[in-house]
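Quick notes on the structure that follows.
Quick caveat: nothing in here was measured; it's all calculated off a predicted structure.
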Amino acid sequence: MFILKRIVSVGGGMVPQCTSLPVRNFSACHCLSSPKRRSPYSVEDSERYSSLVKSVISSRVSAQTPESLQAEDEHIYGRIVKAQTSSTRPEMKEPRTLHPFLHSEKTVETEEPESGPPARIVLERGQDRSSVPSVTRILQQTLSPEQIFYLERWKRKMIAELGEDGFKEYSQNLFRQGHHFHSAVEDILTSGEKWKNDHPLETKEYPPEIQGYMESISHILEDVSAVRATETTVQHNTLNYLGIVDCVARYRGVLCVIDWKTSERPKPFLSNTYDNPIQVAAYAGALNSDGNYKYQVENGLIVVAYKDGSPAHAHQLKSELMLEYWKTWLLRLEVFTEQR
């Protein structure tokens, strides 16, 4: 018998079809010389499945329009907030008066300081300083609504877990640990001894609660040299504010205002330190204008120590970045002045 063959597309492939065979019993093997193999699907109603496939292919995926889908998603998950493009991002505000970061009558020293103990000017609240606000106070009173919201939410969460008395004790412990930590670092920096000569675990004279912090910054202390000041007061007479600088020293050869911080959670990025860069810039600007210091500092360093002893993160602030944070500090200072 003469059999006419033609090529048809099935499932994306090309196979020969024998016209003498019924379509529902079609198999590519019918045109071959090998014996016919029985398909396990031949007992099913092929017409039923054929109509099912046609109905799925011919029907639309959804009767909803994109607008109604978006409305439903927003109802369930909340509104989608898209990132602002460079063309729609608001411009950075400029302070009304751009006070200089560096003092024109001083020069930025690059040589090592003369031998002698680091400077330490103790803060004394006399009549001339009673009305001078601190950097910490100014930053706390000029927080953004978003910062206030997250701080309050964190506080409510901690009170829910610890209770009012428990949260108070927790805050006092943090303050005490921070005080002991700063005192221990100051002892090391003023002693003139290299940290690498002493293993952190052998420094039993430090309270147990700060042993982890001291071990955390051990690799940072190895790169700190030429300490010029520790826990010293700086004041900007023109802008009328003051602060206490943790340390002024060279970090890997660069003179920096160093701020020591403690944390129970990792802060690997500068953005994790919140307002700390503004604080460092404010300290440096005050030091540069303070007549008690004959040098100027253009760079900053934020060191975040961890209680579990994991290596501390050191966030460097180059001179260009310090200038940007100095502008931000001037803006916060303007807001504080207006509030008063």
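- Residues Leu143 and Ile278 do not share a hydrophobic cluster, clusters being chains of Ile/Leu/Val/Met/Phe/Trp/Tyr side chains in contact below 4.5 Å.
- Within the 4.5 Å cutoff, the side chain of Gln296 has no heavy atoms near those of the Leu287 side chain.
- With contacts defined as side-chain heavy-atom distances shorter than 4.5 Å, the pair Pro133/Asn240 qualifies.
- No hydrogens or angles considered: nothing links the side chains of Ser225 and Tyr251 as a donor-acceptor pair under 3.5 Å.
- In this structure, Arg96 pairs ionically with Glu338, as a charged nitrogen and a carboxylate oxygen lie closer than 4.0 Å.
- Taking the six-membered ring where the residue is Trp, the centroids of His313 and Tyr306 are separated by under 6.0 Å.
- Residues Tyr295 and Val248 meet the side-chain proximity criterion, which asks for heavy atoms closer than 4.5 Å.
- Side-chain N or O atoms of His182 include one that pairs as donor or acceptor with a backbone N or O of Gly178 at under 3.5 Å.
- Put simply, OH on Tyr213 and CD1 on Ile217 are 11.5 Å apart, with the number rounded to the nearest 0.5 Å.
- Shown here are the ring pair (Phe, Tyr, Trp, His ring centres under 6.0 Å) partners of Tyr283, two or more places apart in sequence or in another chain: there are none.
- No close placement of the Trp154 and Phe149 rings is indicated, their centers lying 6.0 Å or farther apart.
- Within the 4.5 Å cutoff, the side chain of Leu301 has no heavy atoms near those of the Val280 side chain.
- A donor-acceptor pair is defined here as one N or O able to donate and one able to accept, closer than 3.5 Å; such a pair exists between the side chain of Ser263 and the backbone of Arg265.
- The residues Arg120 and Glu186 are annotated as salt-bridged, a charged nitrogen and a carboxylate oxygen being separated by less than 4.0 angstrom.
- No side-chain donor from either of Gln211 and Lys307 sits under 3.5 Å from a side-chain acceptor of the other.
- When side chains are defined from C-beta on, Arg156 counts as touching Arg153, because their heavy atoms get closer than 4.5 Å.
- A donor-acceptor contact shorter than 3.5 Å links the side chain of Ser144 to the backbone of Gln147.
- Proximity of a side-chain donor or acceptor of Lys267 to a complementary backbone N or O of Glu264 within less than 3.5 Å is not detected.
- Looking only at distances, a side-chain donor or acceptor of Ser134 sits under 3.5 Å from a matching main-chain atom of Arg137.
- Between Arg250 and Asp223 there is no salt bridge, since none of the side-chain N atoms of the basic residue sits less than 4.0 Å from a carboxylate O of the acidic one.
- Distance alone, capped at 3.5 Å, places no donor-acceptor pair between the Asn288 side chain and the His103 backbone.
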